[in-house]
Protein chains: 2
Amino acid sequence: MDDHTDQTRKPRADAVRNRERVLEAAKLVFNAGGPEASLEAVAKRAGVGIGTLYRHFPTREALFEAVYRREVEQLSELAEQLKNAKDPIEALRRWLHSGVEFVATKKGMMAALALAVQSGSELHAFSFERLTKAIGSLLNRAVAAGEMRADISPEDLLRAFFGMCYVHDQPGWQATALRLLDVFVAGLRVPPPGKAKARSSKTTKPAAKRKP
Amino acid sequence: MDDHTDQTRKPRADAVRNRERVLEAAKLVFNAGGPEASLEAVAKRAGVGIGTLYRHFPTREALFEAVYRREVEQLSELAEQLKNAKDPIEALRRWLHSGVEFVATKKGMMAALALAVQSGSELHAFSFERLTKAIGSLLNRAVAAGEMRADISPEDLLRAFFGMCYVHDQPGWQATALRLLDVFVAGLRVPPPGKAKARSSKTTKPAAKRKP
DNA sequence: TGAAGATACGGAGGCTGCCTCCGCTTAACA
DNA sequence: TGTTAAGCGGAGGCAGCCTCCGTATCTTCA
């Protein structure tokens, strides 16, 4: 909608410019000061009034969304590329590792994602779905190849990933996260058939619900 | 200390009473409203002035600490008990599962822990060390029994645990967390000797630094 | 090119929460 | 019961959130 041939006025040049400035400033400020950073600081840095900021982005989350939407897309595209790799499990592992690096270079990113996972914001709907799809494609391939257990859903994996990155402001978190993810991936491998200790199914849920 | 025979005045009864009231109120308010809840709301609920609250607990974190110290202790004692279980890996798994349940029943708890992990607060020093020790004792036993890989430190494991609980306000997070922890524990098992695919050591760090 | 009208700007101002400070109150002690 | 240290409470200063509206600027059309 909004698409009807009504002559829609060309958007004002200053509005476009200001929107861009705010976005740029927000990226810097959020990356430096975390997701709690003052929006007035963002406005000041952008050289616009606070009112202008709020008109373009009526909520803090709206601003987050605008800033990090592109980043999420990049991460998701990476999965697309990795689908061509030979070893499916290795591909998954690589993606997770890339994710860590991604988070590392964009300090505000993790905060944004965290916020998105927790609250039911707009950004959630978008990035959660997008990343789930990305992970799902890698996951399915590995499962289909018979190398990976089938009772873990893409959502599960995504949450595990978030969780591992959760400690992202401890010193050395990056090495930790990589190590933890490796353990996790190891746990995802199907146990070698003859060797598996049957484990009580008390806690191993029948199967993760999977998007049909 | 504080123990010297100097005649120390008995603490005033009203002070003791108020401190208790604030703690009680804080528990309620934090559990309901999360860790961001207004301290003035806490004071109001406790029926004391805001000044009184701040005298007893000069920072938000100090209040958190006082509220959740006991909880952390309980969790850590559970590890002590589990040390007598037969299967060391199973014991570890049980502890982790109990942790999930623990977090589930005390809504404010996770927030407190999360806050503790992230910021370098007092509560961090206390609970992180305490829980690390708890996990460490379970971990070491499993490693010593030769059932578990030795390149994961207690700190790593603790962080993984936090991470898995991180999604604790999504619906159904509990089942998810349990599933993820099971995968993780599976990944911790030493690979059956003859079967292990040698994995490039590119990312498998030499060994986690371990408290000497 | 210039006038008209739509659109956007910006910051004052109201609100809430954080935290400090200090005059008053009250409990402990002799 | 008087003295005095300990404790109380809330006023007040500060900062950030968000709204509202008078003013400025841009687009459009003649």
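Only a predicted model underlies this, so the values are computations on that prediction, with no experimental measurement involved. The sequence lines fix the lettering, A, B, ..., with proteins before strands; numbering per chain opens at 1.
- By the 6.0 Å contact criterion, CD on B:Gln74 is enclosed, its count of non-hydrogen atoms from other residues, nucleotides or ligands being greater than 12.
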Subject >> Base versus backbone protein contacts along nucleotides 22-27 of chain D [heavy-atom cut-off under 4.0 Å; B, S, -] >> reply: ---BSB
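- The interatomic distance linking A:Leu53 (CG) with D:dC20 (P) rounds to 17 Å, in whole Å.
- Between B:Phe64 and B:Phe30, the ring-plane angle classifies as parallel under the 30° and 60° cut-offs.
- The main-chain N or O of A:Lys83 is found under 3.5 Å from a side-chain atom of A:Arg141 such that the two form a donor-acceptor pair.
- Contact detail for B:Cys165 and B:Val100: the closest heavy-atom pair is SG-CG2, 4.1 Å.
- Salt-bridge formation is not detected for the pair B:Arg159/B:Glu155: no Lys NZ or Arg NE/NH1/NH2 atom is positioned less than 4.0 Å from an Asp or Glu carboxylate oxygen.
- No side-chain donor-acceptor contact under 3.5 Å links A:Glu61 and A:Thr59.
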Original post:
Taking protein heavy atoms under 4.0 Å as touching, what does nucleotides 10-18 of chain C look like 5' to 3' if B marks base contact, S marks sugar-phosphate-only contact and - marks none?
Top reply: BBB----SB
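- The side chain of A:His56 contributes an N or O atom lying less than 4.0 Å from OP1 or OP2 of C:dC9.
- Using the six-membered ring where Trp is involved, B:Trp95 and B:Phe161 have ring planes that are tilted, between 30° and 60° apart.
- Contact of the A:Pro88 side chain with the A:Glu147 side chain is registered, since non-hydrogen atoms from C-beta on lie closer than 4.5 Å.
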